2 protein chains.
Amino acid sequence: MGVFKTHLRRSGYKITAPREAVLAVLENEKGHLHPSDILLKARAIHAGVGRATVYRTLDILKMLNLVRPIYINEAGPSYMRVAGGHHHLVCSNCGKVVEFDACNAGDLQRKLARKHRFVIQSHLLEFYGQCEDCRN
Amino acid sequence: MGVFKTHLRRSGYKITAPREAVLAVLENEKGHLHPSDILLKARAIHAGVGRATVYRTLDILKMLNLVRPIYINEAGPSYMRVAGGHHHLVCSNCGKVVEFDACNAGDLQRKLARKHRFVIQSHLLEFYGQCEDCRN
DNA sequence: GCCTATATTGAGACATATTCTCACTTGGAG
DNA sequence: CTCCAAGTGAGAATATGTCTCAATATAGGC
Ligand SMILES: [Zn+2]
Ligand SMILES: [Zn+2]
Ligand SMILES: [Zn+2]
Ligand SMILES: [Zn+2]
């Protein structure tokens with residue numbers, strides 16, 4: 001059984017077919033998805049899933065810190081699993097996105113958490129520039 | 001004269017009253033503002049500023065790297081001055097923002113630029129969590 | 001200062017993203 | 001099984017951002 005499903009059940013949420021479809025979509029996605037993509041993929045699993053259910057499920061998953069939004073050039077955030085953390089290199093000209101895993105934010109995160117008494121759950125690291133094709 | 005105004009003039013943009021109002025709002029703001037706030041405050045300086053002018057001016061300022069978006073819990077990005085500390089520790093609950101300067105992204109940036117053949121101009125590093133007050 | 005080419009403007013239509021409402025359905029505790 | 005609070009989808013409502021276009025204002029040449 002999916003780990004997302006387990007988390008929701010443990011937190012007292014009912015497991016319904018539409019909700020389960022959305023969970024499956026997000027859990028099986030390596031990268032990031034826009035809510036509209038999530039809706040389409042969820043409907044392929046369980047026909048008729050409503051838009052509102054996607055957003056409601058995303059709210060729960062955000063609250064449980066299982067997914068987090070990422071902001072690329074598109075309109076509105078996309079979502080990705082917190083577990084599969086990765087970062088982006090974004091071309092400001094054509095919008096191309098390169099993903100990378102290497103990240104040395106861990107030390108800084110611990111330092112900041114201590115200094116400012118925050119509980120830090122996630123971070124966002126994005127680089128902006130021009131890709132090879134757009135460099136003219 | 002405001003530094004934003006100077007930058008725009010130097011870059012060949014005309015200085016109009018509505019634009020000047022938006023510049024003043026952003027330049028005098030220590031924290032971050034949502035476009036709708038910017039519109040209201042700009043209208044207090046110069047009545048009748050249009051929404052489009054706010055977005056157009058934000059685009060210019062982003063391009064000149066004078067303001068940048070910040071993503072908190074709200075719908076859509078807010079904007080803040082690039083000058084000064086350029087990274088954030090954001091409380092997902094109350095929206096409090098702590099700025100910090102320490103940043104070790106430089107090495108990573110050089111590595112990524114070489115590997116993916118990007119010219120990297122800027123980056124965004126933000127940590128999300130709960131502040132002391134909201135940790136309950 | 002005056003003139004002119006052209007950048008900039010606001011209104012409002014449009015497009016898209018997200019939230020809300022509400023009558024209906026359903027999971028799952030007991 | 002029963003029951004009801006939690007969850008649902010449709011579609012209206014709201015929020016956000018983009019675009020068009022005729023009118024206007026700026027900056028630079030004179
Ligand atoms: Zn590119
Ligand atoms: Zn990282
Ligand atoms: Zn807080
Ligand atoms: Zn940095």
Side-chain angles (χ1 to χ4, degrees), chain A residues 1-2 4-25 32-64 67-79 95, chain B residues 1-2 4-25 32-64 67 69-79:
Chain A
M1 177 173 18
F4 282 12
K5 199 166 145 188
T6 307
H7 271 265
L8 259 71
R9 176 165 288 152
R10 266 209 293 253
S11 300
Y13 294 99
K14 291 185 180 176
I15 304 302
T16 63
R19 190 169 270 177
E20 208 170 348
V22 174
L23 294 181
V25 168
H32 38 87
L33 292 170
H34 197 266
S36 56
D37 300 324
I38 299 171
L39 181 60
L40 284 178
K41 294 199 177 201
R43 278 178 172 165
I45 298 176
H46 178 85
V49 173
R51 260 189 329 238
T53 294
V54 169
Y55 285 105
R56 287 188 282 235
T57 306
L58 280 172
D59 280 345
I60 294 171
L61 290 170
K62 273 188 285 183
M63 207 157 17
L64 296 180
V67 304
R68 70 172 184 79
I70 68 164
Y71 306 88
I72 343 187
N73 253 348
E74 314 149 28
S78 292
Y79 292 87
Chain B
M1 175 174 18
F4 282 12
K5 200 165 144 187
T6 308
H7 272 265
L8 259 70
R9 176 165 287 152
R10 263 209 294 254
S11 299
Y13 294 99
K14 291 185 179 175
I15 304 303
T16 64
R19 190 169 271 176
E20 207 168 351
V22 174
L23 294 181
V25 169
H32 43 86
L33 292 170
H34 196 265
S36 56
D37 300 325
I38 298 170
L39 181 60
L40 285 179
K41 294 197 178 205
R43 278 179 172 165
I45 298 174
H46 179 85
V49 173
R51 245 172 335 148
T53 294
V54 170
Y55 286 106
R56 286 188 283 235
T57 307
L58 280 171
D59 280 345
I60 294 171
L61 290 171
K62 274 188 287 183
M63 207 156 22
L64 296 180
V67 304
I70 167 177
Y71 305 91
I72 347 187
N73 252 349
E74 312 149 29
S78 293
Y79 292 86

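To find a chain, count down the sequence lines: A is the first, B the second, and so on, and within it residues start at 1. Just so you know, these numbers come straight off a predicted model, no measurement behind them.
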Please report the shortest heavy-atom distance between [X] and [Y], naming the atom on each side.
X	Y	answer
Tyr79(B)	Ile70(B)	N-CG2, 4.3 Å
Pro77(A)	His34(A)	O-CD2, 3.6 Å
Tyr13(B)	Leu64(B)	CE1-CD1, 4.5 Å
Arg19(B)	Lys14(B)	NH1-O, 3.0 Å
Val22(A)	Ala42(A)	CG2-CB, 4.0 Å

Could you tell me if the side chain of Leu23(B) sits less than 4.5 Å from the side chain of Leu61(B), heavy atoms only?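 Yes - at least one pair of side-chain heavy atoms lies under 4.5 Å apart.
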Let me confirm one number: the CD1-CG distance from Ile45(B) to Leu40(B), rounded to the nearest 0.5 Å.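 Interatomic distance, Ile45(B) CD1 to Leu40(B) CG, rounded to 0.5 Å: 11.5 Å.
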For this session: Please list, in 5' to 3' order, the outermost nucleotides of DNA chain D lying under 4.0 Å from any heavy atom of chain B.
Result: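 Contacts span dT16(D) to dA27(D), reading 5' to 3'.
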* Asked: If you fit an axis to the five pairs at each end of the helix from dG1(C)-dC30(D) to dG30(C)-dC1(D), how big is the angle between those two axes, to 10 degrees?
  ->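 If I round to tens, the end axes sit 40° apart.
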Residues in salt bridge (charged side-chain N to carboxylate O under 4.0 Å, His left out) contact with Lys5(B), at least two apart in sequence or another chain
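For Lys5(B) the salt bridge (charged side-chain N to carboxylate O under 4.0 Å, His left out) partners, ignoring immediate neighbours, are Glu20(B).
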Quick tally for nucleotides 16-30 of chain C: nucleotides whose base has a protein heavy atom under 4.0 Å get B, sugar-phosphate-only ones S, the rest -, giving -SBBB------BS--
* To do: Sort and list the pairs that fulfil salt bridge (Lys or Arg N to Asp or Glu O under 4.0 Å) and have at least one residue in residues 33-44 of chain B, not counting sequence neighbours.
  =>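 Only Glu29(B)-Lys41(B) qualify under salt bridge (Lys or Arg N to Asp or Glu O under 4.0 Å).
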Acceptor/donor pairs from residues 46-58 of chain B side chains to any protein atom, 3.5 angstrom cut, sequence neighbours excluded:
| unit_1 | atom_1 | unit_2 | atom_2 | d |
| --- | --- | --- | --- | --- |
| Thr57(B) | OG1 | Thr53(B) | O | 2.7 |

